[in-house]
J.: 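Okay, here's the structure, questions in a sec.
For this chain, numbers begin at 1 and follow the sequence in order. Because the structure is a prediction, the values reported are computed rather than measured.
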Amino acid sequence: MGMKISMNFSIDQDDLGRYANAADLRHFYESFSLSGLEVMPLGDDPQHLVEKDMVVGVHLCCITDWMDLDQAMLLSHYRRDLNYARRMRAEYVVFHVTQVSYAESLTYEMRHSDSEVVDAAAAFINELLDGQDYPFWFLMENLWWPGLNMLDARITERLLAQVHYAKKGLMLDTGHFMNSNYELETPADALAYLHQMLDEHEALLPMIRGIHLNQSLSGHYMKDYRKHPLIPKTDPTELATQTFLHIFQVDQHRPFAAPGVRELVSRIDPDYVTLEYITRNRKEHAQFLKAGTDALKPVTTVRELAARSSI
């Protein structure tokens with residue numbers, strides 16, 4: 001099949017408003033030789049910007065604080081997105097395996113262990129997928145919260161062993177994994193940390209079918225934050241705002257474009273790579289995509305190597 005490289009795209013006004021029509025969106029991603037989109041279906045697409053042949057994957061609208069919620073509601077929520085993925089003929093979907101409340105994400109006082117979360121998630125995934133005939137891969141993504149965080153290969157194996165779905169696999173988010181180590185200061189540090197994790201997950205490498213390729217080096221911010229953590233607001237709206245502002249500082253979603261990134265991707269040999277960025281506008285997104293796609297090309301000159309080292 002060959003590796004497909006895509007970009008993330010959310011169906012919300014921030015992304016929809018950047019393009020005049022479907023042809024404009026298609027021209028944008030094809031100008032970087034991308035195969036298409038990994039779509040997060042947050043809302044309606046009144047302009048019909050996203051056409052079926054653009055969609056490579058669908059990122060389910062994942063609920064991170066879910067273990068105490070009504071299961072029927074959760075099943076309905078996820079089946080809506082799974083049905084969208086079927087209609088759009090997606091080749092894979094992405095599901096976060098984590099449990100964290102807004103308050104926990106601010107205080108770092110967690111109520112659940114990794115094993116408790118993966119056990120609960122596997123049971124829920126089986127309820128969601130058993131007896132269904134979905135055609136796509138179901139790829140479970142790491143975060144830096146309790147659950148699947150790639151910090152212990154035994155936990156990763158514990159999750160995979162319990163999920164019944166035949167076309168199951170992992171979506172490694174490189175930036176999320178970086179967020180688990182406050183000591184990382186440079187892209188070279190991040191690469192070494194990722195390779196160490198891959199060494200420990202060697203037997204599971206074939207299960208990493210996809211990569212969300214991005215960089216998040218927020219250790220300096222987190223070291224300072226842990227000395228002066230925010231006190232969670234009691235008003236739910238204020239708490240949500242407080243949490244998202246903090247998360248955007250932690251989880252940067254910038255291009256991971258240093259020398260060695262191409263070799264990292266080659267080692268994993270995934271079917272899918274999503275250049276997953278958070279950007280302020282179309283121009284910045286184009287700059288990030290150029291850096292990200294250039295990093296996946298072979299280096300042919302000393303000038304190229306120097307350019308990548310300076311990103």
J.: Identify the heavy atoms of His220 and Glu185 that sit nearest to each other, and give their distance.
T.: CE1-OE2, 3.9 Å

J.: Does Arg89, at its CZ atom, have more than 12 non-hydrogen atoms belonging to other residues, nucleotides or ligands within less than 6.0 Å?
T.: no

J.: Taking the ring of Tyr134 and the ring of Tyr165, is the distance between their centroids below 6.0 Å?
T.: no

J.: Classify the angle between the aromatic ring planes of Phe28 and His285 as parallel (below 30°), tilted (30 to 60°) or perpendicular (above 60°).
T.: tilted

J.: The criterion is side-chain contact (heavy atoms from CB on, under 4.5 Å); which residues satisfy it with Asn126, sequence neighbours excluded?
T.: Asp130, Val163, His164

J.: Listed by chain and number, what are the side-chain hydrogen bond (donor to acceptor under 3.5 Å, both in side chains) partners of Glu38, not counting sequence neighbours?
T.: Tyr92, His212, Thr274

J.: Do Asp114 and Arg158 sit within salt-bridge range, that is, some charged N less than 4.0 Å from a carboxylate O?
T.: no

J.: Measure from NZ or CZ of Arg226 to the centre of the six-membered ring of Tyr182, then state whether that distance is under 6.0 Å and the direction lies within 45° of the axis.
T.: no

J.: Do the side-chain N and O atoms of His112 and Glu104 include a donor-acceptor pair separated by under 3.5 angstrom?
T.: no

J.: Does a sphere of radius 6.0 Å around NE2 in His27 hold more than 12 heavy atoms from other residues, nucleotides or ligands, not counting ones at 6.0 Å or beyond?
T.: no

J.: Do Asp152 and Arg154 meet the salt-bridge criterion of a basic N to acidic O distance under 4.0 Å?
T.: yes

J.: Any Lys/Arg nitrogen of Arg267 or Glu202 sitting under 4.0 Å from an Asp/Glu carboxylate oxygen of the other?
T.: yes

J.: Taking Lys4 for its side chain and Val273 for its backbone only, find out whether a donor-acceptor pair lies under 3.5 Å.
T.: no

J.: In plain terms, say whether Lys227 and Asp224 are close enough for a salt bridge, that is, a side-chain N and a carboxylate O under 4.0 Å apart.
T.: no

J.: Can you name the side-chain hydrogen bond (donor to acceptor under 3.5 Å, both in side chains) partners of Thr64, sequence neighbours left out?
T.: none

J.: Please determine whether a side-chain nitrogen of the Lys or Arg among Asp24 and Arg282 lies less than 4.0 Å from a carboxylate oxygen of the Asp or Glu.
T.: yes

J.: Is the centre of the Tyr102 ring less than 6.0 Å from the centre of the Phe244 ring?
T.: yes

J.: Specify whether His246 and Tyr221 have parallel, tilted or perpendicular ring planes, treating 30° as the upper limit for parallel and 60° as the lower limit for perpendicular.
T.: tilted

J.: Between Ile125 and Phe95, is the side chain to side chain contact (heavy atoms under 4.5 Å, CB included) condition met? List the steps.
T.: CA-CA 9 Å; Ile125 291 166; Phe95 180 88; 3.8 Å; yes

J.: Please determine whether a side-chain nitrogen of the Lys or Arg among Arg86 and Asp81 lies less than 4.0 Å from a carboxylate oxygen of the Asp or Glu.
T.: no

J.: Which one of Leu151, Asn149, Leu184 satisfies the side-chain contact (heavy atoms from CB on, under 4.5 Å) criterion with Phe177?
T.: Leu151

J.: Ring centroid separation for Phe124 and Tyr78, is it under 6.0 angstrom?
T.: yes

J.: Can you list the steps and then say if Leu170 with Leu148 is a side chain to side chain contact (heavy atoms under 4.5 Å, CB included)?
T.: CA-CA 10 Å; Leu170 301 171; Leu148 176 64; 4.0 Å; yes

